[in-house]
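To keep things clear, I will list the structure first and then write my remarks on it.
Predicted model, so just to flag it, every value in this text is computed and none were measured. So that the names make sense, note that chain A is the first sequence line, chain B the second, and so on, each numbered from 1.
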4 protein chains.
Amino acid sequence: MATVDAIFEATIQVLLVDGPVRLTTTHVAERAGVSVGTLYQYFPHKEALFYGLNERYLDVLADKVASACEAQRGAPLAQMVEALVTTYWRAKTERAEVTRVLYRSVAELDNTALLAAFSRRVDAATEAMFASACDAAFDDLPTVNLMLLTTIFGTVRNIFERALSDAEGRALHAQLSVMCLAYLETVRVTRRSVPAAAASAD
Amino acid sequence: MATVDAIFEATIQVLLVDGPVRLTTTHVAERAGVSVGTLYQYFPHKEALFYGLNERYLDVLADKVASACEAQRGAPLAQMVEALVTTYWRAKTERAEVTRVLYRSVAELDNTALLAAFSRRVDAATEAMFASACDAAFDDLPTVNLMLLTTIFGTVRNIFERALSDAEGRALHAQLSVMCLAYLETVRVTRRSVPAAAASAD
Amino acid sequence: MATVDAIFEATIQVLLVDGPVRLTTTHVAERAGVSVGTLYQYFPHKEALFYGLNERYLDVLADKVASACEAQRGAPLAQMVEALVTTYWRAKTERAEVTRVLYRSVAELDNTALLAAFSRRVDAATEAMFASACDAAFDDLPTVNLMLLTTIFGTVRNIFERALSDAEGRALHAQLSVMCLAYLETVRVTRRSVPAAAASAD
Amino acid sequence: MATVDAIFEATIQVLLVDGPVRLTTTHVAERAGVSVGTLYQYFPHKEALFYGLNERYLDVLADKVASACEAQRGAPLAQMVEALVTTYWRAKTERAEVTRVLYRSVAELDNTALLAAFSRRVDAATEAMFASACDAAFDDLPTVNLMLLTTIFGTVRNIFERALSDAEGRALHAQLSVMCLAYLETVRVTRRSVPAAAASAD
DNA sequence: CATGAATGAGGGTTCATTCAT
DNA sequence: CATGAATGAACCCTCATTCAT
């Protein structure tokens with residue numbers, strides 16, 4: 001609904017412009033152009049508003065990653081890694097300030113469940129992608145995949161957390177791909193040139 | 001001073017037992033066995049208390065990392081990485097619940113300056129360590145070092161953030177060493193003063 | 001608005017009954033029959049409440065003086081002085097306790113701006129009145145007028161400040177008129193459009 | 001005692017430099033170069049400190065006025081008035097900022113008793129002075145005297161209260177003498193040239 | 001459904017005062 | 001007698017939430 005969207009966007013704007021301290025229901029409602037009463041008709045309490053915002057944010061993010069993964073089915077490993085890292089990086093960098101502010105505010109929320117749901121979706125998408133790699137296979141793909149995602153999520157977050165310059169950010173983005181690929185090359189099963197078989201198994 | 005220590009420890013206990021929402025000055029003072037007035041004699045405001053706690057936490061952490069780095073001067077690369085990752089991991093795992101709760105709460109604080117100071121210390125220590133490696137050299141050590149730390153910090157944080165099981169945590173810890181080493185092996189310069197042996201081992 | 005009036009009146013009552021020390025926002029709100037929150041919806045902080053009360057008080061006072069001055073346009077000097085002094089005195093004496101308590105409490109407030117606005121209004125009104133006197137004129141009316149008002153304001157205040165009895169108060173009120181008139185007779189210019197009569201009366 | 005003096009002076013300094021809001025016992029003690037504990041050995045509570053300061057201030061003021069009055073015994077009326085007004089004005093103007101700050105702060109204190117004592121002393125001094133005037137006598141000297149002092153005290157206070165410029169202040173000082181003398185000339189007994197008799201009656 | 005004035009529990013903070021050293 | 005750390009009652013103010021209109 002338009003109202004809900006307006007409230008979500010207002011929440012972000014309040015966070016951006018006035019900071020987390022001024023994130024009051026009244027303030028959000030005002031900026032959304034509705035009354036507090038209306039806000040409370042869509043969200044039973046403040047936490048629900050924040051929870052919803054993060055849910056939506058993570059849904060969109062998961063969508064993007066999942067799409068990218070599907071587009072890479074059967075591609076070579078290096079390309080997959082590049083696509084995954086870059087998709088995630090772009091999604092986070094697009095509205096860097098929003099990303100930063102959301103990173104900082106989720107602390108006020110028990111977002112474990114949210115993160116679990118998000119992780120499940122992304123895990124599934126990336127695992128399926130890597131399983132379909134035309135030029136690589138892994139003994140313990142679940143662990144490798146978990147490690148990879150943990151690294152990507154964590155590293156990107158850390159880049160935002162330390163107030164690194166854009167140049168440093170870009171450099172680290174490139175290095176992140178290098179690192180992830182290096183890792184995958186290291187842990188892939190040694191027999192590699194089984195292209196046809198691996199491909200037909202997909 | 002004993003009082004300050006008691007207040008810091010009380011802060012942690014309140015965070016652990018009652019959660020960040022119940023982190024009130026009165027509550028902390030009570031648990032520390034002092035009056036609010038006393039608390040305010042050591043910390044000008046609530047934020048300063050929290051800031052101080054984090055400062056101390058990061059100082060201890062940086063100390064541990066720096067010591068480990070110094071102990072590794074001149075060691076081979078693989079051992080350095082292992083030592084670095086394990087030191088950091090142990091420091092974070094020792095009191096896992098405390099780590100988790102601090103990860104979640106620092107977001108409410110503008111800890112940019114704190115992180116910057118912490119990063120500067122750790123950066124210097126690890127860069128000096130890697131520069132002394134007996135079996136490896138790097139073209140752009142600063143960037144490589146920055147990337148490595150960003151990955152370690154971020155990955156560990158993410159492990160805590162997603163409520164992963166101990167087993168998964170341990171697995172990822174091991175993988176983290178693998179990943180870091182894989183990265184360093186990839187970006188190191190091939191020629192080195194121990195040319196033949198090092199090259200053939202690759 | 002009714003609520004604002006209730007709060008103002010409650011402020012006065014608290015001052016009267018409990019004294020300036022007990023003038024707390026909670027206390028005022030209680031006595032006004034509203035909650036603290038409501039009080040803060042009309043006044044951004046405690047000082048604003050007090051400032052508003054004084055503003056209103058001075059506005060009413062200035063109104064009374066201004067009306068009296070207009071009613072005296074063209075009257076003889078003695079009558080003007082009598083009217084001015086008596087109007088001011090009555091306004092202050094009507095609710096003597098309120099006057100006393102406000103005199104004592106305004107000091108805690110930076111009411112310079114308030115007093116300036118009040119003075120400007122009263123100055124203008126009395127100066128216009130004296131300029132229209134049918135039987136007197138002044139070389140430097142602004143200074144004379146300023147002196148007169150300063151004396152009236154100050155003397156009345158001092159009567160309240162020293163806890164003089166009603167009888168003493170009444171006596172001083174009468175003397176105040178005498179004094180003001182004596183002053184004006186002394187500083188008026190002798191030549192006037194009613195020359196002979198006015199001059200011989202001196 | 002030197003300590004008491006230091007504390008009094010520190011109180012004034014705190015009022016001047018930091019304002020009435022920062023007038024805390026700790027702050028005063030610090031500026032006086034002693035500890036709070038010491039302050040409490042000389043003053044049982046904060047109010048006593050403030051009371052003492054005002055008492056001393058009024059004592060000095062009364063001394064000055066009384067001396068001036070004694071020096072005017074037997075002098076002509078006009079000279080007496082001039083001396084009285086000027087003495088009081090000078091005493092207040094000498095450290096104008098201190099005067100202003102004390103005027104503003106006495107409100108926090110029930111200084112009725114203090115003012116009564118002060119008034120009694122000054123009343124006696126001025127009444128004795130006027131009774132000795134070589135060229136004037138009064139039917140109801142107590143009332144006339146009370147009126148005169150009330151006017152002088154009140155007018156001077158009002159000059160300080162309105163933030164009048166120095167020039168305006170000086171002008172009003174001059175006018176104040178004019179006004180007081182005009183008043184006394186008006187209310188003196190009509191038979192005037194009884195010089196010898198009046199003088200011998202003293 | 002929308003509104004927004006009213007609510008009041010509860011938080012951060014201050015500061016007069018005490019008392020063990 | 002001096003010190004100053006400790007105390008804790010009390011204050012100002014905020015803001016999530018409700019409900020009569």
> Looking across every strand, which nucleic acid part, if any, lies under 4.0 Å from B:Tyr42 by heavy atom: base, sugar-phosphate, or nothing?
Replying inline: sugar-phosphate
>> Under 4.0 Å, heavy atoms only, any strand: does D:Val28 hit a base, just the sugar-phosphate, or nothing?
In response: nothing
> Below 4.0 angstrom from OP1 or OP2 of F:dC15, is there any side-chain N or O of A:Thr26?
Replying inline: no
> Can you find a heavy atom in the side chain of D:Thr99 that is under 4.5 Å from one in the side chain of D:Glu94?
Replying inline: no
> Taking for each residue the nucleotide of DNA chain E with the nearest heavy atom, is it B:Leu23 or C:Val34 whose nucleotide lies nearer the 5' end?
Replying inline: C:Val34
>> Does the structure show a Watson-Crick or G-U wobble partner for E:dA16, both distances under 3.5 Å? Name it, or say none.
In response: F:dT7
> Please give, in whole Å, the distance from F:dC12 P to C:Phe50 CZ?
Replying inline: 12 Å
> Does E:dG11 pair with anything, Watson-Crick or G-U wobble, both distances under 3.5 Å, and if so, with which nucleotide?
Replying inline: F:dC12
>> Under 4.0 Å, counting only non-hydrogen atoms across every strand here, what does A:Val21 touch: a base, just sugar-phosphate, or nothing?
In response: sugar-phosphate
> DNA chain E: A:Thr3 or D:Glu47, which has the more 5' nearest nucleotide?
Replying inline: A:Thr3
> Between F:dT21 and E:dC1, how far is it from one C1' atom to the other, in whole Å?
Replying inline: 13 Å
> Just how far, in rounded Å, is P of F:dT14 from OH of C:Tyr40?
Replying inline: 7 Å
>> Using side-chain heavy atoms (C-beta onward) and a distance below 4.5 Å, is D:Arg56 in contact with D:Val4?
In response: no
> When the nearest nucleotide of DNA chain F is assigned to B:Val36 and to C:Thr24 on a heavy-atom basis, which residue is associated with the more 5' position?
Replying inline: B:Val36
>> How long is the straight-line distance from CG of A:Leu23 back to CG of A:Leu15, given to the nearest 0.5 Å?
In response: 4.5 Å
>> Measure CG/A:Leu49 against C1'/F:dA16 and give the value in whole Å, please.
In response: 12 Å
>> To the nearest 0.5 Å, what is the distance between CG on B:Leu115 and CD on A:Glu161?
In response: 5.5 Å
> Is there side-chain contact between A:Asp18 and A:His27, with at least one heavy-atom pair below 4.5 Å?
Replying inline: yes
>> Tell me whether the side-chain N/O atoms of B:Ser35 come closer than 4.0 Å to OP1 or OP2 in F:dG8.
In response: no
> Any side-chain heavy atom of D:Thr3 within less than 4.5 Å of one from D:Gln41?
Replying inline: no
> Hey, does D:Thr25 reach any base, or is it just sugar-phosphate, or nothing, if we go heavy atoms under 4.0 Å?
Replying inline: base
>> Taking any atom closer than 4.0 angstrom to a non-hydrogen atom of chain A, what span of DNA chain E does the protein reach, first nucleotide to last?
In response: E:dC1 to E:dG4
> Contact class for D:His45 vs. all strands (heavy atom < 4.0 Å): base, sugar-phosphate, or nothing?
Replying inline: sugar-phosphate
> How far does CG of A:Asn111 sit from CZ of B:Arg104, to the nearest 0.5 angstrom?
Replying inline: 6.0 Å
> Considering every strand shown, what is the Watson-Crick or G-U wobble mate of E:dT21 when both distances are under 3.5 Å?
Replying inline: F:dA2
>> Regarding A:Thr38, tell me which of base, sugar-phosphate or nothing describes its non-hydrogen contacts under 4.0 Å with the strands shown.
In response: base
